[in-house]
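Lettering follows sequence order; numbering is per chain, from 1.
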Amino acid sequence: MALRATLRSKCGVSSLLSRLSSCSSHGRVCVSPVLVAQRRNNSTSPKLKVDFNQSTGVAVMHMQNPPVNSLSLGFLTEFCIAVEKLEMDKSCRGLILTSSQPKVFSAGLDIMDMYGKSPEHCAEFWRAVQEMWLKLYSSNMVTIAAINGSSPAGGCLMSLTCDYRIMADNPRYSIGLNETQLGIVAPFWFKDTMINTVGHRTTEMALELGLLYSSSDALKIGLVDQLVPEDQVLTTATKTVTKWLAIPDHARQITKSMMRKPTIDKLTSNREADIQFFVNFITKDSIQKSLGMYLEMLKKRKS
Amino acid sequence: MALRATLKNKSILSGLLSRLSSCSSHGRVCVSPVLVAQRRNNSTSPKLKVDFNQSTGVAVMHMQNPPVNSLSLGFLTEFCIAMEKLEMDKSCRGLILTSSQPKVFSAGLDIMDMYGKKLEQYEEFWRAVQEMWLKLYSSNMVTIAAINGSSPAGGCLMSLSCDYRIMADNPRYSIGFNETQFGIVVPVWCKEAMTTIVGHRNTELTLELGLLYNPSDALKIGLVDQLVPEDQVLATATKTMTKWLAIPDHARRITKSMMRKPTIDKIMSIREADMQQYISFISKDSTQKMLGTYLEMLKKKRG
């Protein structure tokens, strides 16, 4: 894995922060890309709503972790449990992933699980991020991302793991792996998933420049498969899953596994090292400092 | 490899059969996709016609195994012998592969070599299939597929092995890998070869959904390189060949080998495992039953 910070000096950090505070001026919904710090939702209200249609065999998973579906340890844990439950249910053949939060699919990893936390907590968190990717990417179900909002970083990753991506045709929404813009680096398995989807060249540019694509540019490069009006995203996903489910399950699943096994093996054979790498990186003083300043800036923005 | 049947009960089987019998209603030339059962051509008439032009150093191989150039053990054996002969002839620098059968390039593997045979015969057949691909894919000659008809499954594999693909611009023709629609899965080396040509994403979509593309969609994704009117396919192949042969042989061959060696090595290392998987799949009662029922249906269609 390769999460690293480049921030070594104050001026690096402040230019970073000014870039972050200006991002809402681009006319696009800017949901604090990459790292989100949301008031910790300590309530026991579920962060996911799963509607399972027994007759079609399709489950729709609505992410409802306000305000921006940040991928916190709590959310990821709930998510993995829900996916596993559906995976083990033989009558569940398809999964549509979507958001209940306006304008956002998911804004990415929750900064609060990385700031001021013990190494043990950071390790637990990163394990949960890996688990989310593994469960989704290797799922036997047909998985469709119904991307009804912006989807930077971790949100983009979630959608990339699915078999098919449908996005709302709204120029204010964006999607991409923008980690480098904040001085950090997407882990190698984010990179692998993206290469499998858009190819090496596009991934190299997208990751180095930390690009967030508008929905139409995302379609052009194949980051998403289809654009539809926002109010048709879910119905289109439902039609699409029906088409996929017409293929004999066994054949489709073996084919999917054959396609994805090499990529999955690369992480499963390196999981602990990947976690150690993340913990060593995220607990560095310089990184913690930059996360802290980022949080300060968010607080100021809110007030 | 992962050829497996999913047919576990009658209702799935009849769904499969109705899909097969209705396939000619799509307005496209449907040549019993994937599996072809042709009246066994036991005559000693050659299944290939090779025209070798000594002065240009180009051989044109016309597949003439009526009705649909199915890849039978006999055909594949003749093919491999012909390939080897041309390969060893130092004056032969280029090979154009085309079909003498109307509307079809090749309809894929011959079901008669997969049904009601002894284990040794299944092994012999699959070895011939593997050998065909290896000889084509690793050929030192410039190889051009002049695709003058539909080319599902095995036919698609043959054309993918060539350096360049020219297809007739006829919307009634199709090309792709439709195995999953019949509950079977392409071998892993098919997946590897296709990925090198159209990329991971398109391969994943094509193989999981069992897609057959019309010529213009095939061109769009890069499955074929050029579309021309049907009566110009062979002439275009000849012109293209001249262009490729203008490159100094030695440099071109080393480059081709450099490009293809990783894939070839990967396949060679799993060749025996792939063989065992095929034999255990094809000899299963459920697979044999499915093939038998399919043959019955074809007989009824003819009678």
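Heavy atoms of A:Asp163 lying under 4.5 Å from chain B belong to its backbone as well as its side chain.
Counting heavy atoms from C-beta outward, B:Glu208 and A:Val142 have side chains that stay 4.5 Å or more apart. A 4.5 Å side-chain heavy-atom check between A:Asp225 and B:Arg201 finds at least one atom pair inside the cut-off.
In this structure, CD1 in A:Ile247 is found 11.5 Å from CG in B:Leu207, a value given to the nearest 0.5 Å. Taking CZ from A:Arg252 and CG from B:Leu209, the interatomic distance works out to 9.0 Å, rounded to the nearest 0.5 Å. The structure places CD of A:Gln253 at 12.0 Å from OG1 of B:Thr180, a figure rounded to the nearest 0.5 Å. Atoms NE2 and OG1, on B:His200 and A:Thr193 in that order, are 9.5 Å from each other to the nearest 0.5 Å. Taking CG of B:Leu205 as the reference point, atom OG1 of A:Thr255 lies at 12.0 Å (rounded to 0.5 Å). Here the CD atom belonging to B:Glu179 is positioned 13.0 Å from the CD1 atom belonging to A:Ile254, to the nearest 0.5 angstrom.
For B:Thr195 against A:Met259, the heavy-atom pair with the smallest separation is OG1-CE, 4.3 Å. Between B:Gly183 and A:Ala251, the shortest heavy-atom distance links the atoms C-CB, 3.6 Å.
Surrounding CG of B:Asp285 are at most 12 heavy atoms belonging to other residues, nucleotides or ligands under 6.0 Å away.
Of the possible polar contacts, none joining the A:His250 side chain to the B:Ile184 backbone as a donor-acceptor pair under 3.5 Å is found.
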